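For ligands, and for the atoms within them, numbers begin at 1 and follow the listed sequence. Nothing fancy with the numbering, it's 1 onward along the sequence. Source: prediction; values computed, not measured.
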Amino acid sequence: MKEYFSNIPKVRYEGPDSKNPFAFKFYNPEEKIAGKTMREQLKFSLAYWHTLDAEGTDMFGRATMDKSFGETDPMAIYKNKAYAAFELMDKLDIDYFCFHDRDIAPEGPTLSETNKNLDEIVSLLKKLMAEHNKKLLWGTANTFSHPRYVHGAGTSCNASVFAFAAAQIKKAIEITKELDGCGYVFWGGREGYETLLNTDMELELDNMARLLKMAVDYARSIGFKGEFFIEPKPKEPTKHQYDYDVSTVLAFLRKYGLDKVFKVNIEANHATLAQHTFQHELRVARINGVLGSVDANQGDVMLGWDTDQFPTNVYDTALAMYEILKNGGLPSGGLNFDSKNRRGSFEPEDIFHGFIAGMDAFALGLRIADRIIRDGRLEQFVKDRYKSYQSGIGADIVSGRAKIEDLEKYALKLGEVNAIGSGRQEYLEDILNSIMFGK
Ligand code: XLS
Ligand code: NI
Ligand code: NI
């Protein structure tokens, strides 16, 4: 098999003092943290689209990277992408990958020819997965790039487009099952609107639920056992995406009776686009029992769009890993690097630098999250802050014994409330820093 990154060796853990650009400084796959190996805790995944397909285009400029892997014929290009993907996963010690149907095989002139191309590449992927011992974290369908999806897929105003999307999703579920995917993701793509002047929002949302139901019923009927995820995003490409954030997705799922079927796949950059922190979205999902998987990346605080950068902000990864540990991990999900190199980082070795930086940042995050929990001061503070609910009137509120009249009686006797307690934010932030950087 041809090597595409022959000048780059297998990346290994060398420890925090290493100056080797192609070594992990913090990710030590077999080291145990919080009872499991780092490999098991972090379950890193490579996103096919950003790694093997994205060539650095933006709205002002052409490609800066070449991802044709030495071929010109479309099928040959996509076969080489597959070989390159497995070389990257081997060298970076990544166990999982994720794809959209259109990332792995070229589109033909008709749906059946496209499906034939897919089948050919899927059997190659299956063979490579067995040879290299790699797993599919999740599959999905790209129902947003083709011009037919200009007004959406499941929320299109045109029923033939809805049918086309359904057919594409059916096939994507079949290949995900064929490759034994742990999950299947629905990201809204163009499911949203630009202006309500031309939009029947109610019908669009009902239709989106209809499509999800059909897809899930079909998947179960063919024996797909994986988890279903919805990936929230507030905007981009449409001005308003229907899967705005975790809370909005939960309301949607509950309305249509789908809340027991889906978990969420939370992307850091989508959280910040919705003006939430990454940790906020993970927390909302965790306390509602729907934290399923993560698209690991980060945005740029100065830019208001989905830059999908490799995650390097250790505060964010630490607080994210705290939520994930508190969730008991991500049993059916993982950390998928929905991350791409900057347009200016166009050399093949930059792919390695991106993954090494991201994997080390999450490894650091895991180490710190474990220390936060073992240190216990932050959790104890929160516990103490709410201790008035453990006895007396607080316990009556929590148990449901207290009626509003009882509370009025209680409040009338109180005079004023004393000792509400300081929030101590700065003190807690200093504790966090001392856990992160202290010895
Ligand atoms: C785009 C999304 C997409 C999903 C999969 O913003 O993050 O890449 O992860 O369709
Ligand atoms: Ni994503
Ligand atoms: Ni994104």
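Tyr218 has its side chain out of reach of Arg220: every pair of non-hydrogen atoms, C-beta onward, lies at least 4.5 Å apart.
Cation-pi check for Lys135 over Tyr96 is met; the charged atom lies under 6.0 angstrom from the ring centroid and within 45 degrees of its normal. Figure legend: cation-pi geometry between Lys255 and Phe252 absent, as NZ or CZ is not positioned both under 6.0 Å from the six-membered ring centre and within 45° of its axis. By the 6.0 Å and 45° rule, Arg148 stacks over the aromatic ring of Phe164.
A donor-acceptor distance shorter than 3.5 angstrom exists from the side chain of Lys213 to the backbone of Tyr256, with no hydrogens or angles considered.
The distance between the ring centers of Tyr27 and Phe44 falls below 6.0 angstrom. Aromatic ring centroids of Phe97 and His132 lie 6.0 Å or more apart. Aromatic ring centres of Tyr193 and His151 lie farther apart than the 6.0 Å criterion allows.
Nearest N/O/S atom of Glu231 relative to the Ni ion (ligand 2): this is OE2.
For the side-chain contact (heavy atoms from CB on, under 4.5 Å) with Cys98, the qualifying choice from Leu137, Asp103, Val185 is Leu137, the only one to do so.
Side-chain polar atoms of Tyr4 and Asn80 form a donor-acceptor pair below 3.5 angstrom.
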Between ligand 1 and the protein, give all atom pairs where both partners are nitrogen or oxygen and the distance is under 3.5 Å, as lines of names plus distance to 0.1 Å.
| unit_1 | atom_1 | unit_2 | atom_2 | d |
| --- | --- | --- | --- | --- |
| ligand 1 | 6 (O) | Lys233 | NZ | 2.9 |
| ligand 1 | 6 (O) | His270 | NE2 | 3.1 |
| ligand 1 | 6 (O) | Asp306 | OD2 | 2.9 |
| ligand 1 | 7 (O) | Glu231 | OE2 | 2.7 |
| ligand 1 | 7 (O) | Glu267 | OE1 | 2.6 |
| ligand 1 | 7 (O) | His270 | NE2 | 3.3 |
| ligand 1 | 7 (O) | Asp338 | OD2 | 2.7 |
| ligand 1 | 8 (O) | Trp49 | NE1 | 3.4 |
| ligand 1 | 8 (O) | Asp338 | OD2 | 3.1 |
| ligand 1 | 9 (O) | Glu231 | OE1 | 2.7 |
| ligand 1 | 9 (O) | Glu231 | OE2 | 2.9 |
| ligand 1 | 9 (O) | Asp295 | OD2 | 2.8 |
| ligand 1 | 9 (O) | Asp338 | OD2 | 2.9 |
| ligand 1 | 10 (O) | His100 | NE2 | 2.7 |

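Shown here are the protein N/O/S atoms lying under 2.8 Å from the Ni ion (ligand 3), water excluded: Glu267 OE2, His270 NE2, Asp306 OD2.
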